[in-house]
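Okay, so here's the structure we're looking at.
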Amino acid sequence: MSQIKLEAPFTAFRGKICKHSNIIYKEMYGTKFTSQICNPYTGEPSEAQTAQRTKMATAVAAVAALTTEQKAAYMADFRKQSKYKTFRGFAIAQEIAKL
């Protein structure tokens, strides 16, 4: 049986990994991630990508404009489910479903 040796992840890059890469540092849920994107797409977005971006922007704007009654109703539904971890993600999903 093979054995695995786990090493602690490094905390930073110095220099470029390859000449065409972008290094990304981000933090999600209290954990820091370091990753790279090789050969990032630099062309114009397609019609489907533009439509998806518009749909997402519309849903986010709708969540920002929710009244306190609507937020309370969404919060009650959010507490009943287990799929979404955050209320904001749940609310955005509900608004996207309406579109």
Side-chain angles (χ1 to χ4, degrees):
M1 179 184 271
S2 63
Q3 294 183 357
I4 299 172
K5 179 181 177 185
L6 298 176
E7 297 179 7
F10 48 89
T11 57
F13 281 121
R14 285 191 73 181
K16 286 197 169 209
I17 301 301
C18 57
K19 64 182 177 180
H20 57 273
S21 69
N22 293 329
I23 299 172
I24 299 172
Y25 300 97
K26 60 184 173 182
E27 185 172 347
M28 282 190 329
Y29 308 113
T31 304
K32 293 180 182 179
F33 296 94
T34 307
S35 59
Q36 74 175 27
I37 300 174
C38 286
N39 297 325
Y41 181 74
T42 56
E44 293 294 320
S46 67
E47 288 183 26
Q49 289 171 329
T50 304
Q52 181 61 31
R53 288 178 186 177
T54 304
K55 189 175 183 181
M56 185 68 174
T58 304
V60 169
V63 168
L66 288 175
T67 64
T68 55
E69 293 84 16
Q70 291 170 326
K71 284 182 185 177
Y74 276 164
M75 183 59 76
D77 292 339
F78 173 69
R79 289 187 176 133
K80 292 177 188 174
Q81 60 86 38
S82 62
K83 179 178 179 181
Y84 296 95
K85 303 263 187 229
T86 64
F87 173 71
R88 185 172 187 269
F90 175 78
I92 290 173
Q94 297 302 311
E95 291 297 324
I96 286 176
K98 290 180 182 179
L99 297 177

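For the single chain, residues carry numbers from 1 onward in sequence order.
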Exercise for the section: Apply the test side chain to side chain contact (heavy atoms under 4.5 Å, CB included) to residues Met56 and Ile92: give CA-CA distance (whole Å), side-chain angles for both, the deciding distance (0.1 Å), then the verdict. Expected result: CA-CA 8 Å; Met56 185 68 174; Ile92 290 173; 3.9 Å; yes
Exercise for the section: Applying side chain to side chain donor-acceptor pair (under 3.5 Å), name anything that partners Lys80, two or more places apart in sequence or on another chain. Expected result: none
Problem - Partner residues of Gln52 under the side chain to side chain donor-acceptor pair (under 3.5 Å) criterion, sequence neighbours left out - result: none
Problem - Nearest non-hydrogen partners of Ala59 and Ile96, listed with the distance - result: CB-CG1, 3.5 Å
Exercise for the section: Might you point out which heavy atoms bring Gln49 and Glu44 nearest each other, and give the distance in Å? Expected result: OE1-O, 4.4 Å
Can you give each donor-acceptor pair under 3.5 Å made by side-chain atoms of residues 82-91, sequence neighbours left out, with the distance rounded to 0.1 Å?
unit_1, atom_1, unit_2, atom_2, d
Thr86, OG1, Gly89, N, 3.2

Problem - Contact check, side chains of Leu66 and Glu95, non-hydrogen atoms, under 4.5 Å - result: yes
